[in-house]
Amino acid sequence: MDLTKLEEIQLDCAKRVIKIEVLKEIKTVGGIDVTFESSKENPTKAWACIVIISLDTLKPIYQKIIEDIVDFPYIPTFLAFRELPLMKRVYTEAKSKPDVIFIDGQGISHPRGCGIASHFGVEVGAVTVGVAKKKLLGNYEPPKETRGSYSYLIYNGEVIGVVLRTKDKVKPLFVSIGHKISLEKAIELVLRTSIYRIPEPLRLAHNLLQRLRKQVLGK
DNA sequence: GCGACAG
DNA sequence: ATCTTGTCGC
């Protein structure tokens, strides 16, 4: 594989990212996650799941899982080339589409401005938010211990996202613009959909996949 | 060269 | 991400 070529794709994708609000009303939020059968084998079986919740109740109103084979390895800053195919397929085949989609990973907080959440948003033409459990790059001050507190993630003197506390005294999340949304709105949505550390759409999608994986592995 | 390094 | 058990704190 030629990583230089893939870097060019990411740079081109970054130019097409829209960093402002385009939605006037948001009623549903979705989350897409991927899990793998094996962490060692390279071509390996994998599953992608989308869960859509109602912003009013925070309860799921739609969910779908697809299965496929993944052969691209995990390489830091190139995550999209491993997980995007599965994510795009589960989204395309879903009979219902959410107003906004949370993606497990970075949005524009990426060395070339195109993490998986932005990449997905641009390719699918959807509104997305990057919700990562760890930082990929940038510097920040620890946010206060109370839920709702946040500090800015800075890279090259620019704000590329926030470090957001979604639960008191629990490790914060790294939230960034994915596509067609403002950072302020992204923060508001992640907070509004978080009961536990991880926002409901992603937490539920992750839980469904973990249960399926254990079932398949016979445990 | 050394440390960092989404999932 | 996955590999893995119990354990401490709210």
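Below, chains carry the letters A, B, ... as their sequence lines are ordered, and counting in each starts from 1.
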Check your understanding: Looking only at atom types and distance, does a side-chain atom of A:Ser149 sit under 3.5 Å from a main-chain N or O of A:Thr146, one as donor and one as acceptor?
Key -> yes

Check your understanding: Looking only at atom types and distance, does a side-chain atom of A:Arg197 sit under 3.5 Å from a main-chain N or O of A:Lys167, one as donor and one as acceptor?
Key ->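 Such a contact is absent between A:Arg197 side chain and A:Lys167 backbone.
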
Revision key, fill the gap. With both pairing distances under 3.5 angstrom for Watson-Crick or G-U wobble, and | for a partner in another strand, the correct string for DNA chain B is .......

Review point. Among residues 200-210 of chain A, which contact DNA chain B at a heavy-atom distance under 4.0 Å?
Key: none

Review point. Distance under 6.0 Å and angle within 45° of the ring axis: does A:Arg82 meet both against A:Phe36?
Key: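 Yes, a cation-pi geometry.
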
Revision key, fill the gap. Here the side-chain hydrogen bond (donor to acceptor under 3.5 Å, both in side chains) pairs for residues 3-20 of chain A, sequence neighbours left out, are A:Gln10-A:Arg112

Point to revise | Within the 6.0 Å centroid threshold, strictly below: A:His179 and A:Phe120 | key: no

Point to revise | Check: A:Phe78 ring centroid to A:Phe72 ring centroid under 6.0 Å | key: no

Rounded to whole Å, please give me the gap between [atom1] in [X] and [atom2] in [N].
X        : N     : atom1 : atom2 : value
A:Glu41  : C:dA1 : CD    : C1'   : 14 Å
A:Lys167 : C:dG9 : NZ    : C1'   : 11 Å
A:Arg213 : C:dT2 : CZ    : C1'   : 6 Å
A:Lys45  : C:dT2 : NZ    : C1'   : 17 Å

Review point. Just wondering, do A:Lys27 and A:Leu55 contact through their side chains at under 4.5 Å, heavy atoms?
Key: no

Donor-acceptor pairs under 3.5 Å, side chain of residues 85-94 of chain A to any protein atom, not counting sequence neighbours: which ones?
from	atom 1	to	atom 2	distance (Å)
A:Lys88	NZ	A:Glu123	OE1	2.5
A:Arg89	NE	A:Glu93	OE2	2.9
A:Arg89	NH1	A:Glu67	O	3.1
A:Arg89	NH1	A:Asp68	OD2	2.9
A:Thr92	OG1	A:Lys88	O	2.7

Review point. What's the verdict on side chain to side chain donor-acceptor pair (under 3.5 Å) for A:Ser151 and A:Glu141, showing C-alpha distance, side-chain angles and the deciding distance?
Key: CA-CA 6 Å; A:Ser151 52; A:Glu141 295 298 323; over 6 Å; no

Exercise for review: Summarise protein proximity over nucleotides 1-7 of chain B in one line of letters, 5' to 3': B for base, S for sugar-phosphate only, - for none, counting protein heavy atoms closer than 4.0 Å.
Suggested key: ----BBB

Exercise for review: Looking only at non-hydrogen atoms, find the nearest pair between A:Ser54 and A:Ile61 and report the distance.
Suggested key: CB-CG2, 4.1 Å

**Study point:** Which atom of A:Thr193 lies closest to which atom of A:Pro201, heavy atoms considered
**Key:** CB-CD, 4.2 Å

Practice item. Under 3.5 Å for both distances, Watson-Crick or G-U wobble, that's the pair rule; now give the dot-bracket for DNA chain C, with | marking pairs to another strand and [ ] for crossing ones. Key: ..........

**Study point:** Intermediate values then yes/no, side chain to side chain donor-acceptor pair (under 3.5 Å), A:Ser176 and A:Ser109
**Key:** CA-CA 6 Å; A:Ser176 57; A:Ser109 46; 3.1 Å; yes

Point to revise | Flag if over 12 foreign heavy atoms under 6.0 Å of NZ, A:Lys97 | key: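 Yes, enclosed.
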
